[in-house]
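For reference, the structure discussed in these notes is given below.
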Protein chains: 2
Amino acid sequence: MKLSTKGRYGLRAMVELARHYGTGITPLNEVAEKQEISSAYLEQLMSSLRKSGLVHSVRGAQGGYRLTRPPNRITVGEVLRSLEGPLVPVECVDETGVGCARMEDCCTVVVWERLRDAINDVLDSMTLQDLMDSGDK
Amino acid sequence: MKLSTKGRYGLRAMVELARHYGTGITPLNEVAEKQEISSAYLEQLMSSLRKSGLVHSVRGAQGGYRLTRPPNRITVGEVLRSLEGPLVPVECVDETGVGCARMEDCCTVVVWERLRDAINDVLDSMTLQDLMDSGDK
DNA sequence: TTAATTCCTAGTTAATCAATCGGAATTGTA
DNA sequence: TACAATTCCGATTGATTAACTAGGAATTAA
C-alpha cells in the first residue's frame, strides 16, 4: 500500500515548479537541487509529467520546465496518476483494466471500490496551490 | 499503491471463516479450497492473523481455525493491518515509525496524512459481517 | 562553435513478493 | 498404541519490481 519514489519525488518537484510559476521556465537541475533528488532520475519523472500534459518543456541551453496550468488548477491526483498509473488498491477495480474472473461473486470487491473512491477523492481535492500554501520547503 | 496478495487472500479467507462462525472450527484446507488459495501459502497468513489475535487455532486432527470475535466485531482494517502492516501511503506518516528528516518543512506531508486517514477510515468502517452480507462467494 | 539543457534507451543492483518445501509438534480416532 | 490429520515454523527459491545510473543523441541560446 505504499507509493513509490516516483510519486513522492515527482509531487515535490511539481510543487517546486509551482513556486516558480509565472517566472518563465526552470531548469531541472534547480528543482533537483532544491528538493534533493537525483537529477538523472528526476528527468525520467519529468518525461512522464510532460507526456501527460502537466508540464511544458523547452530544450537546449536556458531550457527547462514549467507548469502548463496555474498551480490551483493541477490536482495532486493528476500528478500521482501520471507517475504511478491508476490509483487503485487492487488491479481488479481499475476501470481501464480487465477486472477479474471472480469479480461477480467476490466478497471483497466492495472494499476495494470504496477504498479506490476514497483515495481518489482525497487526492483530487488537493491542488499544488494548496501544498505551496501549507508547507515551507 | 497496491495491496499485496497477503491482504487480498487473507481477507477472503477471513470472510470464509466468518461464514463458518458459530459452527466450531474449520480446517485451513477447506478455506483454501473454497477461496482457491494455495494452502501452504495461506498457512503463513493464518499465522499472522493468529498472532494478532483475530483467529484462534486448534492443532492436531480435527483441528483448524475460528474467529475470536463475531464477524460484525472484526473490521477489514484490523485484518489488513495484521497482514500488511500499518496502512500508510508513505513511511513518514506511520505514527509507530520514525518520520523523516524533511518532515518539518515538507510540502507534501499533509497529503499523506489526509490520505492515510481516509484509507483507515474506510477500512475501519467495514466489518467481515458487511462483506458476508454483500458478496456471494 | 560551444555549453547547457532536454530526451531516450538500456543496464544494474538490491529489495520485495509470492510462493514452495521439508519437517517438527500436536491431537483426535481406530 | 499407532496413525492420520492437522497446525506450526524456518529456510529457500524464482520472478518481478524499484530505484537508480550511464551514455549518448538532439536541441538551442549565447
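Predicted model, so just to flag it, every value in this text is computed and none were measured. First the proteins, then the strands, lettered A, B, ... as listed; each starts at 1. Values below: all heavy atoms of this structure, side chains included; hydrogens, waters and symmetry mates excluded.
To the nearest 0.5 angstrom, A:Met46 atom CE is 9.0 Å from A:Leu83 atom CG. Between the CD atom in B:Glu16 and the CE atom in B:Met132 there is a gap of 9.5 Å [rounded to 0.5 Å].
Residue B:Ser38 is in sugar-phosphate contact alone, with no base atom involved, counting any heavy-atom pair closer than 4.0 Å across all strands shown.
D:dC8 atom C1' lies 15 Å from atom CG of B:Asn29, rounded to whole Å. Per the geometry, CE belonging to B:Met1 stands 18 Å off P belonging to C:dT16, to the nearest Å. Note: NZ (B:Lys51) to C1' (D:dT7) measures 12 Å, nearest angstrom. The distance from atom CD of A:Glu33 to atom P of C:dA4 is 14 Å, rounded to the nearest whole Å. Computed from coordinates, the B:Tyr9 OH to C:dA18 P distance equals 8 Å when rounded to whole Å. If you take CG of A:Leu45 and P of D:dT21, they are 12 Å apart, rounded to a whole angstrom. For the pair B:Arg8 CZ and C:dC17 P, the interatomic distance rounds to 12 Å; values are reported in whole Å. One can place NE2 of A:His56 at 12 Å from P of C:dT6, the figure rounded to the nearest angstrom.
Note on B:Asp121 versus B:Arg116: no salt bridge recorded, every NZ/NE/NH1/NH2 to OD/OE distance being 4.0 Å or above. For the pair B:Arg81 and B:Asp124, the salt-bridge criterion is met [side-chain N within less than 4.0 Å of a carboxylate O]. One finds a salt bridge joining A:Arg69 and A:Glu78 here, because a Lys/Arg side-chain nitrogen approaches an Asp/Glu carboxylate oxygen to under 4.0 Å.
The closest side-chain donor-acceptor pair between B:Thr5 and B:Tyr41 falls under 3.5 angstrom. Checked by atom type, the side-chain pair B:Glu33/B:Asn29 shows no donor-acceptor distance below 3.5 Å.
Partner A:Leu11 forms a side-chain contact (heavy atoms from CB on, under 4.5 Å) with one of A:Leu123, A:Leu128, A:Leu45, A:Leu3 and no other, that one being A:Leu128.
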Under-3.5 Å N/O pairs linking protein and nucleotides 15-18 of chain D:
none

Would you list the protein and nucleotides 22-28 of chain C atom pairs, both N or O, that sit under 3.5 Å from each other?
| residue | atom | partner | partner atom | Å |
| --- | --- | --- | --- | --- |
| C:dA25 | N3 | B:Arg59 | NH2 | 3.2 |
| C:dT26 | O2 | B:Gly60 | N | 3.4 |
| C:dT27 | O2 | B:Ala61 | N | 3.3 |

Polar-atom pairs under 3.5 Å, protein N or O versus N or O of nucleotides 11-13 of chain D: list them with distances, or write none.
none

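In this structure, B:Asp94 contributes its side chain and B:Pro86 its backbone to no donor-acceptor pair below 3.5 Å. Although no hydrogens or angles enter the test, the distance criterion places a donor-acceptor pair under 3.5 Å between the side chain of A:Arg12 and the main chain of A:Gln35. For B:Ser4 (side chain) and B:Lys6 (main-chain N/O), a donor-acceptor pair under 3.5 Å exists by modelled atom type.
Which of D:dA19, C:dC7, C:dT5 sits closest to the side chain of A:Pro27 comes down to C:dT5.
Remark: A:Arg50 is not in phosphate contact with C:dT6, judged by side-chain N or O atoms under 4.0 Å from OP1 or OP2.
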